[in-house]
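Throughout, residue positions are numbered sequentially from 1 according to the sequence presented. As the structure is a prediction and not an experimental result, all values here were calculated from the model.
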Amino acid sequence: GLHTMMMGSGYMDIRYARVEHCGQRPLMGRYCLHFHVMRRCPRCVFQGNAVVSAEHVGITVHGTHGSLVDQNVIWDAKAVGLYVEDGNE
């Protein structure tokens, strides 16, 4: 299924979108919506999205600080809904 991953430089801003049957199980890192080691990224936003019937993790924040993850709904994910990978993001 669909997966997104923003890594390196730049930013990703996804708002009020619906993604269905996303993620690629059992591949690690192939999650529906994924900030991956963006370091400090105040322009990185996942807001108001609906993640439905995810094959993997709904939303992952890994090594990304200062981002906005707000008002999202995750329904029927086969893994966790929201995964904060390092725990200090």
Peer 1: Taking all non-hydrogen atoms of both residues into account, name the closest pair between K78 and R25 and its distance.
Peer 2: O-NH1, 3.5 Å

Peer 1: Establish whether I14 and V19 are linked, either directly or via other cluster members, by ILVMFWY side-chain heavy-atom contacts under 4.5 Å.
Peer 2: yes

Peer 1: List the steps and the verdict of side-chain contact (heavy atoms from CB on, under 4.5 Å) for R43 and D13.
Peer 2: CA-CA 7 Å; R43 294 176 67 188; D13 187 328; over 6 Å; no

Peer 1: If you group Ile, Leu, Val, Met, Phe, Trp and Tyr by side-chain heavy-atom gaps below 4.5 Å, do M6 and L82 land in one group?
Peer 2: yes

Peer 1: Can you name the nearest heavy-atom pair linking T64 to V37, along with the distance?
Peer 2: OG1-N, 3.7 Å

Peer 1: Can you name the nearest heavy-atom pair linking E85 to T60, along with the distance?
Peer 2: OE1-CG2, 3.7 Å

Peer 1: What's the verdict on side-chain contact (heavy atoms from CB on, under 4.5 Å) for V61 and V69, showing C-alpha distance, side-chain angles and the deciding distance?
Peer 2: CA-CA 9 Å; V61 180; V69 178; 3.8 Å; yes

Peer 1: Quick one: OH on Y83 to SG on C32, what's the gap to the nearest 0.5 Å?
Peer 2: 15.0 Å

Peer 1: Should Y16 and Q47 be marked as a side-chain contact (heavy atoms from CB on, under 4.5 Å) after you check the CA-CA gap, both sets of side-chain angles, and the distance that decides it?
Peer 2: CA-CA 6 Å; Y16 306 103; Q47 184 176 37; 3.9 Å; yes

Peer 1: For A77 versus V80, what's the shortest heavy-atom pair and its separation?
Peer 2: CB-O, 4.2 Å

Peer 1: What I'd like to find out is whether the side chain of E20 reaches to under 4.5 Å of the side chain of S53, using heavy atoms alone.
Peer 2: no

Peer 1: Hey, does the side chain of N72 reach the backbone of N49 with a donor-acceptor pair shorter than 3.5 angstrom?
Peer 2: yes

Peer 1: For E55 and Q24, indicate whether the former's side chain and the latter's backbone hold a donor-acceptor pair under 3.5 Å.
Peer 2: no

Peer 1: Nearest 0.5 Å, what's the CZ-CD1 distance between F35 and I59?
Peer 2: 8.5 Å

Peer 1: Please work out whether the ring planes of H56 and Y31 are parallel, tilted or perpendicular, with thresholds of 30° and 60°.
Peer 2: perpendicular

Peer 1: Would you check, one step at a time, whether the test side-chain contact (heavy atoms from CB on, under 4.5 Å) holds for V51 with C22?
Peer 2: CA-CA 8 Å; V51 179; C22 52; 3.7 Å; yes

Peer 1: Please confirm whether the backbone N or O of C44 pairs with a side-chain atom of S67, one donor and one acceptor, at under 3.5 Å?
Peer 2: no

Peer 1: Group every Ile, Leu, Val, Met, Phe, Trp and Tyr by side-chain heavy-atom contacts under 4.5 Å, then state whether M38 and V45 land in the same group.
Peer 2: no

Peer 1: So, taking the atom named CG in L2 and the one named CZ in R30, what distance separates them when rounded to the nearest 0.5 Å?
Peer 2: 12.0 Å

Peer 1: Evaluate the side-chain proximity of H34 to H3: yes if any heavy-atom separation is below 4.5 Å, no if none is.
Peer 2: no

